[in-house]
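Taking it in order: structure first as structure tokens, then the write-up.
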Amino acid sequence: MNKTLYISDLDGTLLTSGQFVSRKSFETLNRLSEHGLLFTYATARSLITASKVTAGLDVKTPVIVNNGVFIVDSKSGEKLVKNIFSSAQAEDIFQALAEFGINPLVYSIIDGTEKFSYIPQRLTRATRDFLDTRKGDPRHRPLSGEIGMLDGELFYFACMDEAGSMSEAHEKLKNRYYCVYSKDIYSGDQWLEIMPKTATKANAAVQLKKLLGCDKLVVFGDGVNDIPLFEASDECCAVSNAAPELKAIAGTIIGSNNEDSVAEYISRHFKSEF
């Protein structure tokens, strides 16, 4: 009998529009996990913020966070797989962004602790709004200038602004790194996210499938950034609120993220595997 790994995106897919996992969904998935379901999530969020929005969900399988930069033990927080930039790559990206007047949030691991560094006086309105949603987050690392911005093991650059210069930066960097250029589904602000080439949800999903010895990978998503994940899967399901581009390649279209659609689909199909 095939051993199946189920992986869901969070925002716009498993999470409701209110940014939480409904009681029905987490109770369904927790019950099935007790009977052997291998379920996890893949998200652009860090483990810290993902854990908050998945409250109630008991994920026993390692999770994929930071867009595939890390595969993490959801209980201990141990990073089982790390995909990070070299020092030369981090410097290359930082200088390229500076050419276009872009001031990023720079995510890194410093002395074993995850941080995001930034220069407060250079923040855009969109970046300030984002940081307002992260008040009290222990990862905050405001700096007075560029010194220290590239400290530690760097793995993620996040830029939020108007399209213009970010579009140009995206064109310059997209062939050297894994870049996601899209509008945030909640604020509508333009984002440019830059990660190592190996740091994708798709790559991490394949790594996790192999790590767990699974024969089949079933995935769920809603955004254009989930296209590589769908292409790496054995079976892919798009929620009804998904981007048209993702629906076009989905094997199945399920209900929306507000209808417990991921949990219901898994409940129907996992039962057939007993």
Side-chain angles (χ1 to χ4, degrees), residues 1-15 21-22 24-45 47 50-51 53-54 56-83 198-223 225-239 242 246-247 249-255 257 259-274:
M1 182 168 56
N2 286 341
K3 187 177 179 183
T4 302
L5 173 62
Y6 294 87
I7 300 180
S8 178
D9 172 55
L10 288 184
D11 294 278
T13 306
L14 183 65
L15 301 185
V21 179
S22 75
K24 181 178 179 181
S25 283
F26 73 65
E27 287 182 347
T28 298
L29 294 170
N30 290 349
R31 173 173 51 80
L32 294 176
S33 293
E34 292 297 327
H35 288 86
L37 171 70
L38 293 176
F39 172 80
T40 190
Y41 56 77
T43 180
R45 291 176 180 265
L47 181 62
S51 297
V53 297
T54 57
L57 186 63
D58 183 17
V59 182
K60 296 179 171 58
T61 306
V63 298
I64 296 168
V65 295
N66 298 100
N67 260 330
V69 172
F70 303 119
I71 298 177
V72 182
D73 184 302
S74 59
K75 304 301 182 186
S76 68
E78 178 187 359
K79 292 177 173 61
L80 306 177
V81 176
K82 291 195 297 185
N83 294 297
T198 54
T200 67
K201 290 182 185 178
N203 187 51
V206 172
Q207 290 174 318
L208 185 55
K209 177 184 176 183
K210 183 177 180 180
L211 184 67
L212 298 176
C214 294
D215 308 289
K216 184 178 180 182
L217 175 62
V218 179
V219 303
F220 305 83
D222 74 303
N225 64 330
D226 291 317
I227 289 176
L229 178 62
F230 273 37
E231 293 174 339
S233 71
D234 299 295
E235 184 178 321
C236 49
C237 305
V239 287
L246 193 69
K247 287 183 178 180
I249 65 168
T252 305
I253 307 296
I254 59 177
N257 62 315
E259 300 176 289
D260 301 295
S261 303
V262 171
E264 289 189 359
Y265 182 91
I266 293 175
S267 181
R268 290 195 305 271
H269 290 77
F270 179 69
K271 288 176 181 176
S272 67
E273 297 180 6
F274 280 102

inquiry  = Just to verify, what does Glu78 make a side-chain hydrogen bond (donor to acceptor under 3.5 Å, both in side chains) with, not counting sequence neighbours?
reply    = none
Option passing side chain to side chain contact (heavy atoms under 4.5 Å, CB included) with Ile266 (candidates Val218, Leu29, Thr4) = Leu29
key: Where Asp58 and Glu34 come nearest, the two heavy atoms and their spacing   = OD2-OE2, 4.4 Å
key: Donor on one side chain, acceptor on other, Asn203 and Thr198, under 3.5 Å   = no
Pairwise distance CG(Leu14) to OG1(Thr40) - rounded to 0.5 angstrom = 10.5 Å
query = How far apart are the closest heavy atoms of Thr28 and Ser267, and which atoms are they?
reply = CG2-CB, 4.0 Å
task = Please indicate whether Lys24 has more than 12 foreign heavy atoms, meaning atoms of other residues, nucleotides or ligands, lying under 6.0 Å from its NZ.
result = no
ask   = Which pair of heavy atoms, one from Leu5 and one from Ala205, lies closest together, and at what distance?
value = CD2-O, 4.4 Å
note = Nearest heavy-atom contact between Asp226 and Gly221 is OD2-CA, 3.5 Å
key: Gap separating the OG1 atom of Thr252 from the OH atom of Tyr265, nearest 0.5 angstrom   = 4.5 Å
key: Between CG on residue Asp9 and OH on residue Tyr41, distance to nearest 0.5 Å   = 11.5 Å
message = So which atom in Pro62 and which in Leu208 form the shortest heavy-atom distance, rounded to 0.1 Å?
response = O-CD2, 3.5 Å
task = Look only at the side chain of Asn30 and the backbone of Leu57, and say whether a donor-acceptor pair between them is shorter than 3.5 Å.
result = no
ask   = Given side chains that start at C-beta, do those of Asn257 and Leu15 come closer than 4.5 Å, heavy atoms only?
value = no
note = Rounded to the nearest 0.5 angstrom, the CZ-OG1 distance for Phe26 and Thr54 is 10.5 Å
remark   = Minimal heavy-atom distance between Pro228 and Ala202, with the atoms involved, is O-CB, 3.4 Å
inquiry  = Test side-chain contact (heavy atoms from CB on, under 4.5 Å) on Arg45 and Asp11; report intermediate values, then the result.
reply    = CA-CA 9 Å; Arg45 291 176 180 265; Asp11 294 278; 2.9 Å; yes
query = Heavy atoms, side chains only, cut-off 4.5 Å: are Lys201 and Asn225 in contact?
reply = yes
message = So for atom NZ, which belongs to Lys210, do other residues, nucleotides or ligands contribute more than 12 heavy atoms lying within a distance under 6.0 Å?
response = no
ask   = Is any side-chain heavy atom of Ile254 closer than 4.5 Å to a side-chain heavy atom of Phe220?
value = yes
task = Measure the spacing between SG of Cys236 and CG of Leu229 and express it to the nearest 0.5 Å.
result = 8.5 Å
message = Measuring from atom CG of Leu38 to atom CG of Leu212, what distance do you get when rounded to the nearest 0.5 angstrom?
response = 6.0 Å
message = Ring centres under 6.0 Å, that's the criterion: do Phe39 and Phe270 meet it?
response = no
